[in-house]
> 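Take this structure, written in structure tokens, and hold onto it; I'll ask about it next.
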Amino acid sequence: MAALPNHRPKQLSLGPLEAEILSIIWDLETATVKEVHDRILADPNRELAYTSVTTVLNRLVKKGWLACDRQERTFTWRALVSRQQAKALQSYEQLNQFLAVSNPDVVAAFADSLDQTSVEQLEAIAEKLRAVRKARESNECIS
């Protein structure tokens, strides 16, 4: 899994069409409205106005997922975080929501229900955390 990116979108939640268009941008790396619109209309059962694609692209810019670049008369959109970074951000957010329950009994019941593979993954995560903290401590200035 990718590390958490320095840039974080202002709003993580995405609607179905926003998620689909963001996925297209990830696939193409940079894209114009026409390229995104053509990708969506490649499915013969889909109908979507060109202006709707423009609206969604601009909404993704406002949410902090995309950047819009203008070259002469052409606008292109590019993602500000990778697909893997987005998964890491969403996982981080879900974990924070789970931990916000603040009830040790709920967390303990969840942990108790994990299978052996999940426990091994949690132990590997804990080991990585220890290594990161140890590295951070060794880099701190001593006053």
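All values derive from a computational prediction rather than experimental measurement.
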> Can you tell if the side chain of Arg78 reaches within under 4.5 Å of the side chain of Leu66, non-hydrogen atoms only?
no

> Calculate, to the nearest 0.5 Å, the distance between atoms CD and CD belonging to Gln94 and Gln90 respectively.
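Atom-to-atom, Gln94:CD and Gln90:CD are 7.0 Å apart.
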
> Within a 6.0 Å radius of atom CD on Glu47, are there more than 12 heavy atoms belonging to other residues, nucleotides or ligands?
no

> Heavy-atom distance under 4.5 Å between the side chains of Val61 and Leu57, does that happen here?
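The answer is no, as the side chains (C-beta and beyond) never meet within the 4.5 Å cut-off.
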
> With a 4.5 Å heavy-atom cut-off, do Leu60 and Ile25 have their side chains touching?
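Answer no - side chains too far apart.
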
> Answer whether the closest heavy-atom distance between the side chains of Ile21 and Ile40 falls below 4.5 Å.
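Yes, their side chains come closer than 4.5 Å.
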
> Show me the pairs that pass ring pair (Phe, Tyr, Trp, His ring centres under 6.0 Å) and involve residues 73-95, at least two apart or across chains.
none

> Using salt bridge (charged side-chain N to carboxylate O under 4.0 Å, His left out) as the criterion, list what pairs up with Lys63, not counting sequence neighbours.
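Counting only residues at least two positions away or on another chain, Lys63 forms a salt bridge (charged side-chain N to carboxylate O under 4.0 Å, His left out) with Glu18.
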
> Given the rule that I, L, V, M, F, W and Y join up when any side-chain heavy atoms are under 4.5 Å apart, are Leu17 and Leu41 in one cluster?
no

> Strictly distance-based, threshold 3.5 Å: is any side-chain N or O of Ser52 a donor or acceptor partner for the main-chain N or O of Leu48?
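Here the side-chain-to-backbone pair does not exist.
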
> Between Leu14 and Trp65, is there a side-chain heavy-atom distance shorter than 4.5 Å?
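In contact.
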
> Starting at CD of Gln71, measure out to OG1 of Thr30 and round the result to the nearest 0.5 Å.
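Here the interatomic distance stands at 8.5 Å.
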
> For a quick test of reading the model, state the closest non-hydrogen atom pair linking Leu89 to Pro9 and the distance between them.
CD1-CD, 3.6 Å

> Side chains of Ser82 and Gln84 only: does a donor on one sit below 3.5 Å from an acceptor on the other?
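Looking only at side-chain atoms, Gln84 and Ser82 do not form any donor-acceptor pair under 3.5 Å.
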
> Working to the nearest 0.5 Å, report the span between NE2 of His37 and OG1 of Thr51.
8.0 Å

> Return each pair, listed once, that meets salt bridge (Lys or Arg N to Asp or Glu O under 4.0 Å) where at least one residue sits in residues 21-35; pairs must be two or more places apart or across chains.
Asp27-Arg39, Asp27-Arg83, Lys34-Asp38

> Mind checking whether Thr74 and Asp69 have side chains closer than 4.5 Å, heavy atoms only?
no

> Rounded to the nearest 0.5 Å, what separates atom CZ in Arg133 from atom NZ in Lys128?
14.5 Å

> Output yes when Arg46 and Glu20 qualify as a salt bridge under the 4.0 Å nitrogen-oxygen rule, no when they do not.
yes

